[in-house]
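Computed from a predicted structure; not experimentally measured.
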Amino acid sequence: MHPLAPLLSLALAAAALAGPLDPPPGPVAPTMKPLSQVEPRIPIDSLPAVLSVSGSYYLTRSLVGVPGEVGILVRARHVTIDLNGFELRGAAGTLDAIRAIPGITDCTDLVVRNGSIHSWGGSGINSGCVFGATFEDLRIENNAGAGILASDFTTVSRAVLRSNGAAGLDLGVNARVSDITSTNNAQDGIGVGEHSIVTRAVIRDSGRIGLRAGERSIVSDITCSGSAAVGVRVETQSSVTRVVAFENGNTGIAINGRAVVTDSIAANNTGSGVLAFAGARIERCVLSNNSLAGITLNGPGTIVGNTLVDNPTGINLLGSRSRVEDNAITGGTTGIKTVAPDNLILRNSVLGATTPFDLAPGSKAGPISSEVIDHPWANFVQN
């Protein structure tokens with residue numbers, strides 16, 4: 001057999017399977033759906049615009065607002081607005097960039113994404129009537145009102161809120177907020193109602209509170225500095241973890257009763273590093289160089305395993321029935337101070353404070369010694 005015979009046989013078999021090489025006669029028929037069916041979106045190419053029909057809308061270019069008018073007025077439910085990488089730019093006398101109002105039915109499920117909103121005479125987005133809005137991949141700045149004003153069950157992710165005349169974010173209950181930068185907003189940097197989750201945010205130079213969260217909220221992985229008032233404030237039964245609060249005009253982290261702060265840092269705040277109320281637990285935090293105290297606790301609570309450095313008072317207990325255990329305090333005037341009886345002070349170390357322990361009559365404390373002694377509840381002092 002010729003050595004090329006097997007290759008020739010394979011080539012002929014492949015050609016037979018592939019079918020004829022010449023196409024059939026006649027024009028080529030379309031095989032795909034038109035774009036309007038593949039992506040049925042409605043363009044927005046001028047302002048003001050009124051959206052009265054549910055659907056998906058997109059900007060065709062950057063647009064400038066008209067004095068005395070809302071940029072985009074939403075009067076329907078189930079509306080998505082894709083800024084498409086463009087900007088909505090305000091001007092003197094303009095109102096909100098995007099505002100939702102009730103139409104024939106309640107306004108719900110508004111989505112705004114992917115672009116910039118700035119320099120409007122009202123808020124960047126005013127969706128106070130919308131239940132379940134979603135805002136993502138936005139830059140909202142230099143508006144006279146709030147960056148985003150929204151109602152309950154709002155989700156905001158990957159947004160920059162800067163230099164707005166009210167709050168950066170002002171949301172209702174059950175909010176979900178993540179990956180936010182909020183700087184130089186005139187009121188709160190981020191405000192959410194109860195049952196909310198806020199994670200991964202950088203907040204700077206807020207005119208009031210950096211981050212304000214309602215009761216039963218979860219706050220984590222936050223850096224907050226330069227707020228005129230409290231850095232991070234949460235209400236009762238909330239959780240705060242991995243928060244860094246520094247150089248705020250009042251308290252670094254404030255928690256109402258029965259809330260928890262863990263694994264956080266508060267430094268160089270004008271008030272206390274952490275201010276807490278009855279039922280609070282503060283654990284594994286680092287509190288340093290705050291102007292009043294590292295931790296101030298009003299009412300019964302638990303303070304365990306914290307490091308406190310160079311605060312005038314390390315731990316200041318203003319109520320009774322608290323447990324203070326296994327904290328390391330260095331520097332300052334007073335290590336641990338109680339003004340009421342019946343607090344339990346165990347296994348703490350105080351190094352270099354002028355008055356290591358200033359305990360009210362009726363306090364219950366383990367032995368206080370400048371020597372290491374074999375006692376399970378001993379407190380250690382070193383000048």
Side-chain angles (χ1 to χ4, degrees), residues 230 233-237 240 245 250-262 264 266-383:
V230 176
R233 172 181 166 175
V234 301
E235 299 303 321
T236 185
Q237 300 180 55
V240 176
N250 201 299
T251 301
I253 303 170
I255 59 172
N256 216 329
R258 294 174 288 167
V260 178
V261 179
T262 59
S264 295
N268 299 97
N269 297 287
T270 301
S272 296
V274 174
L275 172 62
F277 293 85
R281 183 178 182 92
I282 303 119
E283 186 172 3
R284 299 188 307 276
C285 294
V286 177
L287 302 313
S288 63
N289 295 102
N290 298 287
S291 297
L292 293 182
I295 299 172
T296 298
L297 175 59
N298 291 272
T302 303
I303 302 173
V304 178
N306 301 284
T307 300
L308 305 102
V309 179
D310 292 337
N311 304 283
T313 300
I315 297 173
N316 189 17
L317 301 182
L318 303 181
S320 299
R321 304 192 309 278
S322 289
R323 183 183 184 97
V324 178
E325 182 176 354
D326 201 26
N327 299 283
I329 303 168
T330 302
T333 302
T334 305
I336 298 176
K337 178 181 176 64
T338 69
V339 298
D342 297 324
N343 291 294
L344 187 59
I345 314 297
L346 306 171
R347 298 196 307 185
N348 302 282
S349 65
V350 181
L351 309 179
T354 305
T355 303
F357 293 86
D358 182 4
L359 306 181
S363 298
K364 299 175 175 62
I368 298 172
S369 173
S370 59
E371 303 291 334
V372 177
I373 61 175
D374 186 16
H375 190 289
W377 308 119
N379 297 284
F380 178 72
V381 173
Q382 180 177 327
N383 294 323

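Among residue pairs with one or both ends in residues 251-260, those qualifying as side-chain hydrogen bond (donor to acceptor under 3.5 Å, both in side chains) are Glu235-Asn256; sequence neighbours excluded. Sorted by first then second residue, the side-chain hydrogen bond (donor to acceptor under 3.5 Å, both in side chains) pairs that include residues 365-380, not counting sequence neighbours, are Asn348-Asn379.
Expressed to the nearest 0.5 Å, how far CG of Asn343 lies from CZ of Arg323 amounts to 12.0 Å. Rounding to the nearest 0.5 Å gives a distance of 5.5 Å between CG of Asp358 and OG1 of Thr334. The distance from the CD1 atom of Ile345 to the CD1 atom of Ile368 is 8.5 Å, given to the nearest 0.5 Å. If you take CG on Leu297 and CD1 on Ile255, they are separated by 8.5 Å, rounding to the nearest 0.5 Å. Summarising the geometry, atom CG belonging to Asp310 is positioned 10.0 Å from atom OG1 belonging to Thr333; distances are rounded to the nearest 0.5 Å. Taking CG from Asn327 and CG from Leu308, the interatomic distance works out to 6.0 Å, rounded to the nearest 0.5 Å.
No donor-acceptor pair under 3.5 Å is formed between the side chain of Thr307 and the backbone N or O of Val286. For Ser264 (side chain) and Thr262 (main-chain N/O), a donor-acceptor pair under 3.5 Å exists by modelled atom type. Listed for the Ser322 side chain is a donor-acceptor partner under 3.5 Å among the backbone atoms of Gly299. Using modelled atom types, one side-chain atom of Asn306 and one backbone atom of Cys285 make a donor-acceptor pair closer than 3.5 Å.
Residues Thr338 and Ala360 come closest through the heavy atom pair OG1-N, 2.7 Å. The minimum heavy-atom distance between Ala353 and Gly331, with the atom names listed, is CB-O, 3.7 Å. Counting all heavy atoms, side chain and backbone alike, Pro367 lies closest to Ile373 at CB-CD1, 4.0 Å.
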Donor-acceptor pairs under 3.5 Å, side chain of residues 268-281 to any protein atom, not counting sequence neighbours: which ones?
{"from": "Asn269", "atom 1": "OD1", "to": "Glu247", "atom 2": "N", "distance (Å)": "3.4"}
{"from": "Asn269", "atom 1": "OD1", "to": "Asn248", "atom 2": "N", "distance (Å)": "3.0"}
{"from": "Asn269", "atom 1": "OD1", "to": "Asn248", "atom 2": "ND2", "distance (Å)": "3.0"}
{"from": "Asn269", "atom 1": "ND2", "to": "Ala245", "atom 2": "O", "distance (Å)": "3.1"}
{"from": "Asn269", "atom 1": "ND2", "to": "Ala267", "atom 2": "O", "distance (Å)": "3.3"}
{"from": "Asn269", "atom 1": "ND2", "to": "Asn290", "atom 2": "OD1", "distance (Å)": "3.0"}
{"from": "Thr270", "atom 1": "OG1", "to": "Asn248", "atom 2": "O", "distance (Å)": "3.3"}
{"from": "Ser272", "atom 1": "OG", "to": "Thr296", "atom 2": "OG1", "distance (Å)": "2.8"}
{"from": "Arg281", "atom 1": "NE", "to": "Glu283", "atom 2": "OE1", "distance (Å)": "2.9"}
{"from": "Arg281", "atom 1": "NH2", "to": "Glu283", "atom 2": "OE1", "distance (Å)": "3.3"}

Pairs of donor and acceptor atoms involving the side chains of residues 312-319, under 3.5 Å and at least two apart or interchain, shall be tabulated with distances.
none

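The one candidate from Val261, Ile282, Val260 that meets the side chain to side chain contact (heavy atoms under 4.5 Å, CB included) condition with Val240 is Val261.
With sequence neighbours excluded, the residues forming a side-chain contact (heavy atoms from CB on, under 4.5 Å) with Ser320 are Ala340, Pro341, Asp342, listed by chain and number. In this view, Thr302 satisfies the side-chain hydrogen bond (donor to acceptor under 3.5 Å, both in side chains) rule with no residue, not counting sequence neighbours.
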